[in-house]
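In what follows, a single structure is set out as structure tokens and then discussed.
Not measured: the values here are computed from a predicted model.
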Amino acid sequence: MHTQDTTPRDTAGSGAGTAGRIPVGIVGAGTMGTAVAQVFASAGHPVVVVDRHRPALDAAPGRLRDGLRAARLLGRRPAADEARPTAAETVGLVRWTDEFGHLAEAGFVVECASERLSVKERVLRELDEVCAPEAVFASCTSAVPVRRLASYTDRADRVLATHFMNPAYLKETVEVVRGPATTARTLETTLALLAGVGRRAHVVRDSPGFVSNRVLMPMVNDAAARVQEGVADAETVDLIFQDCFGHAMGPLRTADLIGLDTIVDTLDVLLETTGDERYRPCGLLLDLVRRGHLGRKTGLGFHAYGTRP
């Protein structure tokens with residue numbers, strides 16, 4: 001479709017205050033939800049993060065501080081930008097809660113709930129009840145078609161997908177998916193908001209898995225199947241993609257970074273929405289998830305990691 005080139009800029013004037021910056025809501029205090037909250041708060045937006053899973057909510061502030069340190073060490077934050085909040089101010093811009101009602105003032109809500117249709121439906125129906133009628137709902141779904149997500153609300157014209165990549169605070173590009181009912185105004189609002197937080201948007205039409213995961217997920221599944229068959233070990237599979245094709249990391253290290261539980265959930269959604277057997281998770285993937293070996297976040301997946309990130 002088209003690419004929106006968004007040079008980082010501050011749309012609210014000087015200083016680290018929140019005047020003129022739209023309040024942002026996030027549903028989900030896990031890895032992705034916390035990282036997306038960091039993206040918006042680092043640009044000065046007041047953010048409310050909602051999660052009813054108390055362990056995730058309790059761990060999220062520490063995860064946010066870790067993400068801010070990682071972004072600083074890896075140079076994601078501009079060296080001199082007085083208009084952006086400091087790390088301490090960024091932390092102060094994020095409010096953590098288990099009450100959906102606290103999203104009533106949010107003008108833009110990013111849904112980062114688990115990649116399961118029943119969960120997405122429950123969350124979006126509740127958001128539709130508590131959020132202002134003009135609020136935009138942007139799902140961070142990996143695979144669920146926007147048409148289906150929009151059907152859970154009474155605002156199909158203000159629903160789209162903003163597929164942030166992991167880790168969101170380091171990735172400068174977002175896959176934006178426009179649903180069949182998404183209006184031009186909703187898309188423009190979203191692109192402007194992403195521009196303000198220094199993200200470039202690639203806009204695509206609605207389809208299960210969009211472009212990224214419609215292509216990536218069968219590749220991960222096939223790569224895992226080759227390991228399962230004994231054709232090669234995980235290290236060799238990834239080295240072939242790195243050394244032969246120039247990939248920054250192979251499909252199995254990519255899967256470990258995403259989280260193998262998320263990979264399986266995404267494959268399940270694609271299998272249900274397309275009926276294509278290519279998306280049926282292979283036995284090795286299912287076995288790793290059953291054993292709790294989810295990739296980098298647990299220290300072990302297709303590869304072993306010395307410490308959790």
Side-chain angles (χ1 to χ4, degrees), residues 1-6 27-28 32 36 108-121 123-125 127-128 136-166 168 171-191 193-194 199-224 247 251 254-255 257-259 261-282 285:
M1 299 297 288
H2 77 269
T3 296
Q4 182 77 16
D5 194 356
T6 59
V27 178
M32 184 57 73
V36 173
F108 193 87
V109 180
V110 184
E111 174 270 306
C112 298
S114 299
E115 194 69 3
R116 296 173 186 169
L117 291 170
S118 60
V119 174
K120 302 281 192 196
E121 178 175 5
V123 166
L124 286 165
R125 291 194 186 282
L127 286 175
D128 211 32
V136 171
F137 292 169
S139 178
C140 195
T141 179
S142 299
V144 183
V146 173
R147 178 195 299 270
R148 187 154 185 173
L149 296 171
S151 73
Y152 303 145
T153 77
D154 290 326
R155 62 183 79 201
D157 59 318
R158 291 185 293 287
V159 178
L160 77 174
T162 50
H163 184 202
F164 287 85
M165 308 296 165
N166 185 35
K171 301 292 187 176
E172 297 185 351
T173 303
V174 179
E175 184 181 34
V176 174
V177 187
R178 182 177 185 175
T182 307
T183 62
R185 181 176 181 180
T186 296
L187 182 62
E188 290 164 5
T189 296
T190 301
L191 296 180
L193 190 59
L194 291 174
R199 267 41 185 192
R200 179 182 299 108
H202 296 310
V203 182
V204 303
R205 288 168 56 183
D206 198 21
S207 174
F210 327 125
V211 172
S212 57
N213 282 328
R214 193 69 172 267
V215 175
L216 176 62
M217 289 301 136
M219 181 171 70
V220 168
N221 205 26
D222 283 345
H247 290 199
T254 300
L257 178 61
I258 293 169
D261 50 343
T262 301
I263 296 288
V264 169
D265 286 345
T266 302
L267 285 166
D268 285 340
V269 168
L270 286 167
L271 179 63
E272 178 176 342
T273 54
T274 68
D276 189 334
E277 285 294 318
R278 292 185 305 155
Y279 299 108
R280 188 175 297 282
C282 77
L285 267 172

Set of side chain to side chain donor-acceptor pair (under 3.5 Å) partners for [X], sequence neighbours left out:
| X | result |
| --- | --- |
| Thr273 | none |
| Thr141 | Glu115 |
| Ser207 | Arg214 |
| Ser139 | Glu111 |

In chain order, what residues pass the salt bridge (charged side-chain N to carboxylate O under 4.0 Å, His left out) check against [X], with sequence neighbours excluded?
| X | result |
| --- | --- |
| Arg185 | none |
| Asp206 | none |
| Glu175 | none |

Legend entry - Spacing of Leu160 atom CG and Thr190 atom OG1 [to the nearest 0.5 Å]: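 Reported to 0.5 Å precision, the distance equals 4.0 Å.
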
Legend entry - Contact list for residues 149-166, test salt bridge (Lys or Arg N to Asp or Glu O under 4.0 Å), sequence neighbours left out: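 Found Asp128-Arg155.
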
Legend entry - All pairs passing salt bridge (Lys or Arg N to Asp or Glu O under 4.0 Å) where residues 267-276 contributes a residue, at least two apart: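 Of all non-adjacent pairs touching residues 267-276, those that pass salt bridge (Lys or Arg N to Asp or Glu O under 4.0 Å) are Arg148-Glu272, Asp276-Arg278.
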
Legend entry - Heavy atoms from other residues, nucleotides or ligands near CZ of Arg125 exceed 12 (cutoff 6.0 Å):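 Check passes, neighbour count above 12.
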
Legend entry - Flag side-chain contact, heavy atom, 4.5 Å: Val36 against Thr162: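 Val36 does not reach Thr162 side chain to side chain.
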
Inset, instruction - Decide yes or no on side chain to side chain contact (heavy atoms under 4.5 Å, CB included) for Phe137 and Thr186, but give the supporting numbers first. - result: CA-CA 9 Å; Phe137 292 169; Thr186 296; over 6 Å; no

Donor-acceptor contact present, side-chain [X] to main-chain [Y], <3.5 Å:
| X | Y | value |
| --- | --- | --- |
| Lys120 | Ala113 | yes |
| Asn221 | Arg280 | yes |
| Asn213 | Ser142 | yes |

Legend entry - Verdict with reasoning, Met217 to Met219, per side chain to side chain contact (heavy atoms under 4.5 Å, CB included): CA-CA 5 Å; Met217 289 301 136; Met219 181 171 70; over 6 Å; no

Legend entry - Atom of Tyr279, atom of Leu271 and distance for their closest heavy-atom approach: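 Answer, listing the atom of Tyr279 first, then Leu271: CB-N, 3.7 Å.
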
Legend entry - Leu285 vs Leu267, side chain to side chain contact (heavy atoms under 4.5 Å, CB included): CA-CA, chis, key distance, verdict: CA-CA 11 Å; Leu285 267 172; Leu267 285 166; 3.8 Å; yes

